[in-house]
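This one's a predicted model, so the numbers in the text were calculated from it and none came from an experiment.
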Amino acid sequence: MKIRQKLLLENLLKEKTLSLLNLEKEFDVSKKTLQNDFQELIDYLQMKGFSKVIEVKRGKVNFLGDEFLYEKISKEIEIHDFYIYRLSTSERVLMILAYLFLETNYITISYLCDRLYVSRSTINSDLIFVKEWCSKNKINLILKTKNGIKIEETNKIKRYYLVEILKMLSNLNKNNQSFYQNNEFYAQLFQGIDLTIIRAAIVNAEKRFHFNFSDEIYHELVIQIASLLFMPFEDKEVIKIDLNYKIEKKMAMQIIKDIKKELPIVSTKKLEQKIALYIKSATFHLQINKEQNQLPYIQLISQQLIKTVSNNANINFKWNKSLFTALIQHISGLFFRNKYNIVIQNPLKDKLIKEEPELYEAINLSKDILRNVIGKEISIDEISYLLIYFASAKNEALNTVKSSIPQILILCSTGQGTAQIVKNNLKKYFLFNIKGLIAEHQLNSINTENIDFIISTIPLISKVPHIQVNPMLRLKDIYAIYQLMFSLGFSPPINNIYLNQENQSDLAKQTFNLLIQYQKKEDEGILLEKLKKLISIYSDNKQNKGDIQYMLSELLTKDNIRLNVVAKDWKEAVIASGSILENNDIVEHRYVEAAIKNVMDLGPYIVVTKGVAIPHANSNLGVNKTAISLARLKTPVCFGNPDNDPVNYVFTLATVNSTSHLKALQDLVSLLDNEQFYDVIDKAISPDEIIKYIKNFEKTKGED
């Protein structure tokens, strides 16, 4: 009996009636395959003495017995009886590989026949696929006529592939995850190791440290630990852990302590570190150290990914704070998993992709950003985890009562010049998507279906919500716009260019409180004074370095730009760009040296796009203030990045904390996708021309 057939029988005994249509979807097989399965079940039960207990009729499968017969069949066909199964070829091949990876000595064909309950000819046929698998994965498989077969690899390699094989075996039977966790096959594999002891130890650690593993991670952790105990560390095997993982370490120590109560295992530092490493990689609870070398780069590629997916999906995800934070954590995890050769799987990927095919395709088209980071292809499982974050951001936007960014028109009868003044003044205080600057006579010919309201400098009669303001936008106009937005269901964030995201959120809350507190007509004077004072306080926060997010033109000043820099190799290019900041007393020399060391240790990951490198280092290595420098090289140099070499432009980033540079970084990402920006840099005779272009970009972005 095949595993699927066993599960079908169990479901039938439990439910009494099953729908073939539902089973087709659940098991992802055809109706004909299911009918064959049930016919084989009928034949099998007849052989066991149970006749006429299953009926397949009109798209339904019915169990015809009573409770007594149900109990008798359930008892007769024991779930843990491994030998009753007729395994598929794929299942047998994976099981043979699992036996080989766990055995140090030769395994005979007779041994495999006994374990898998099949003939020698079947095993011989399966070994053809085993050889192909080993050849494809460069595994040393040895076959000797008299001795049998064995795999000759290090325990480290064996452990890695064993876990992967068991995951593949489990994935073949997604609807019966518990089968491989409990049956006799596992007992055969890990002889002398009771998996129930490991399971109990993990559950106890979850309770003690308030962790909740998913079922998939829990089962995988059981196998990871069992393989560590069964195949101990070799002397030359090195475990490199350079992250702060106190909770995971304590959990590992607790798990080992509980297992030692029941099993005669030897506790070693390597065992503790490896289990902690598995816990760290499995949970995704990577606590980002804001001073680590890679954080600015991770922020940069997170911005690039958001920008690219936004363009591919035609959905604006830019500056979604929760999405940005989630991507930083996931990409940090990607670095971590790549470093330690850890593979993740997402059991929900098929469902996610089916639900969000267009968004999945947008992320898939953007995956080269990450592939260039780690130097290899990004798996579907990794992409599907990214899909979770982007889908959540998309749903969050769709579920908002009103878009956080109103769609507006600006109307003025005196011409485009006055409308432009209104527009520029609005941008100082509000975040609007301005759809157009129009005259009054144009209003009737414009489709206003998607317009939330109109801001006009003249009295207006229109069905569209509207408000009249002074072109210079006085405080009473700001107050009136707030009132209109509240009435329409918007939460109006302030878009003062000197305020960071946290300040904007806090300022919006305080503005709400003032409007609620002083909503009577006679309180208008007090309200205006308090609003004026509040805006003044937050604008003054520009002087507080820890609270602001600088614009790109504030960090990349003309004093930080050098043109036609001569460098014979990448090291000299980094030194040249870094020295600009050093000479301006922005960084110390050790910061430049650390930026070079980063490339030597971690590779040319700083070459973020074609022709552009962004060196950086820890902020605690001699950074006096946040800034960016640009060295335009006279002759391009290669950093060793095959996709993006050679490099013409080196932007060195120095930041005093993890947030002050984010607004500038976002704008730099946008400019690096703009061919005109490169043209301006290439043709510039002086830094002033580059700065002028950047300031114009900052002034006009978001107008469309």
Side-chain angles (χ1 to χ4, degrees), residues 1-7 40 44 47 77-174 176-195 219-220 222-224 226-232:
M1 187 189 303
K2 296 176 183 177
I3 293 173
R4 185 178 62 246
Q5 294 168 352
K6 174 67 175 177
L7 188 58
E40 289 186 25
Y44 176 80
M47 182 184 69
I77 305 174
E78 174 61 43
I79 185 172
H80 300 312
D81 185 2
F82 174 65
Y83 297 105
I84 69 171
Y85 291 98
R86 287 199 309 200
L87 303 166
S88 69
T89 301
S90 298
E91 290 168 327
R92 287 196 310 271
V93 168
L94 291 172
M95 287 181 174
I96 291 171
L97 285 166
Y99 283 125
L100 287 170
F101 275 113
L102 268 176
E103 184 57 63
T104 55
N105 300 315
Y106 284 94
I107 293 177
T108 64
I109 291 178
S110 297
Y111 175 90
L112 293 173
C113 290
D114 292 340
R115 293 294 179 272
L116 300 178
Y117 207 58
V118 292
S119 66
R120 291 181 67 88
S121 62
T122 299
I123 293 296
N124 283 326
S125 298
D126 292 339
L127 287 178
I128 295 173
F129 297 105
V130 171
K131 292 176 187 177
E132 289 179 358
W133 187 93
C134 289
S135 175
K136 180 181 178 181
N137 290 280
K138 299 181 181 178
I139 297 298
N140 187 21
L141 180 67
I142 301 175
L143 296 89
K144 289 190 176 180
T145 305
K146 294 183 179 180
N147 298 337
I149 58 177
K150 77 171 182 176
I151 284 175
E152 201 167 76
E153 295 288 352
T154 64
N155 280 357
K156 180 179 179 180
I157 293 176
K158 285 184 175 182
R159 283 195 301 267
Y160 170 77
Y161 279 107
L162 174 67
V163 173
E164 291 305 300
I165 286 165
L166 294 180
K167 285 196 286 188
M168 286 189 284
L169 193 54
S170 181
N171 282 338
L172 285 177
N173 299 274
K174 293 177 182 178
N176 192 16
Q177 294 287 337
S178 63
F179 173 77
Y180 288 112
Q181 309 305 329
N182 299 304
N183 70 28
E184 192 173 327
F185 173 59
Y186 270 53
Q188 292 176 7
L189 279 180
F190 300 106
Q191 294 179 23
I193 298 177
D194 188 347
L195 297 190
H219 291 311
E220 182 177 336
V222 171
I223 301 308
Q224 298 275 18
S227 66
L228 287 172
L229 300 181
F230 200 86
M231 292 182 283

- [ ] Just say parallel, tilted or perpendicular for the rings of F101 and W133, cut-offs at 30° and 60°.
- [x] perpendicular
What distance separates [X] [atom1] from [Y] [atom2], expressed to the nearest 0.5 Å?
X: K146; Y: T108; atom1: NZ; atom2: OG1; result: 15.5 Å
X: R92; Y: L127; atom1: CZ; atom2: CG; result: 10.5 Å
X: E153; Y: L141; atom1: CD; atom2: CG; result: 10.0 Å
X: I151; Y: K158; atom1: CD1; atom2: NZ; result: 7.5 Å
X: I223; Y: R159; atom1: CD1; atom2: CZ; result: 14.5 Å
X: L229; Y: Q224; atom1: CG; atom2: CD; result: 11.5 Å

Heavy-atom closest pair, residues [X] and [Y]:
X: I193; Y: A226; result: CD1-O, 3.9 Å
X: S227; Y: F190; result: N-CE2, 3.9 Å
X: I107; Y: Y99; result: CD1-O, 3.6 Å
X: N105; Y: K150; result: O-CB, 3.7 Å

Open item on the list: Here's a test for you: under side-chain contact (heavy atoms from CB on, under 4.5 Å), which of L97, L112, I96 qualifies with D126?
Closed with: I96
Task: More than 12 heavy atoms of other groups within 6.0 Å of F129 CZ - done: no
Open item on the list: Is the shortest side-chain heavy-atom distance between L100 and I139 below 4.5 Å?
Closed with: no
